[in-house]
Amino acid sequence: MEENIIDPFGTSIITDYSKLFTQLGLQPITEDILRRIKNPSRYLRRRIDFAHQDFDKFLASFEEGRPIAVISGIKPTNEFHLGSKVTAEKIIYFQKEFEAKVFYCIADLESLVDNQIPLNEAEKIAIGNVADILALGLDPKNAYIYRQSEEKRVTNLAYLFSRRITLSHMKNLYGERHLGLYFAAFTQAGDILLPQLEDFDGPKNVLVPIGLDQSPHIFLCRDIVERVKDVFHFFPPSAIYHKFFRALDGETKMSKRDPMSVLFLNDEPELAKRKIINCVDGGRKTVKEQRRLGGEPEKCVNYELALFHFVEDDNKLKKIYEECKAGKRLCGECKEEIADIVAEFLKKHQKKREKMMDMARKLLQK
Ligand code: SF4
């Protein structure tokens, strides 16, 4: 079996999630942790958020009424897709349930250095991205949304941090890369630690809800905290890691590069439906076989759409799973059912997004 590959700047492939606990030193999300949370999100309940670092410390800060914050961001290279929606919904959840202040970074310096997107182009894309997250429910009154290129405190931190880390350390974490990507990683560390500056009321526990492919940034950031402790009294960042939502063609990582294998939140609902009807499923070769053996929801992207995104009710999800396994469901009608839910979601989301465009412009151009 192929080894797990984690690459924040390329393609990550996870063949065995269970190995990651020892491979990366992550902690599992346990029942004990969930019992401490009043309304666990569907990502937590369903163990899509499956691993963490110091999430228990973040919870302790919250329980003891100490300050907390949550940070995430987006690299403005394209429209929001379902992968971006996962991270966005996670920070919105912590804003609502934990009243945590949200820091949302538009990583335009990273899109410049990694994807060669000029800053003015990135800004146009970012306005749409911010409208998306507002439409998903982010409250801008308890959020700081910024572009890296405009936030001097982040780049200043990146310069300071780069002085404390050696090239071999970066090669160990990221492999051999051009220096721009290493500097993008220092800039991300600046983003993650920004909420702990005195301008934002000083050190505190900050949670980073993040995809597993981005875990090297958390490791780097935690190493930096240790190495700058003579200057800053930062808390090491906490993180919760989610599993990958597969592309519609079944590939492990949702790629922004093949439009037909990705559902974008601005897709025409009819196009989105067509994409779902054509997605990889866990059906058998014939109807007769499916009735006899049942389907394989574990292999099915349509089921993953329900699990990650579009069926909130756990009982309804369980019913889909059990009917599939028992051969009571056939893939054609099952995909139609999910496709209709997705189309309805997209129609509503796109209306809300349109209304949020002015606010998004104002937030980014202030
Ligand atoms: Fe997937 Fe539905 Fe087919 Fe089962 S019946 S494999 S859940 S599409």
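Since we're looking at a predicted model, the values are computed, not measured. One-based numbering, in listed order, for ligands and for the atoms of each.
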Output yes when E323 and K319 qualify as a salt bridge under the 4.0 Å nitrogen-oxygen rule, no when they do not.
yes
Closer than 4.0 Å to some heavy atom of G282 - which atoms of ligand 1 meet that?
6 (S)
Of all protein heavy atoms, the one nearest atom 1 (Fe) of ligand 1 is C300 SG, 2.3 Å
Heavy-atom contacts with G283 under 4.0 Å: which atoms of ligand 1 show up? List them by number with element.
6 (S)
Which protein heavy atom lies closest to atom 2 (Fe) of ligand 1, and at what distance to 0.1 Å?
C334 SG, 2.4 Å
K85 to F245 six-membered ring, cation-pi geometry met (6.0 Å, 45°)
no
Charged N-O contact under 4.0 Å between K325 and E298
yes
Centroid-centroid under 6.0 Å between F200 and F103 rings:
yes
Do F183 and H178 have ring centres separated by under 6.0 Å?
no
E312 atom CD, neighbour heavy-atom count above 12 within 6.0 Å
yes
Considering only non-hydrogen protein atoms, determine which one is nearest to atom 4 (Fe) of ligand 1 and report residue, atom name and distance to 0.1 Å.
C324 SG, 2.3 Å
With a 4.0 Å heavy-atom cut-off (strictly under), which part of Q290 contacts ligand 1: side chain, backbone, both or neither?
side chain
Tell me the protein heavy atom at minimum distance from atom 3 (Fe) of ligand 1, and give that distance in Å.
C331 SG, 2.3 Å
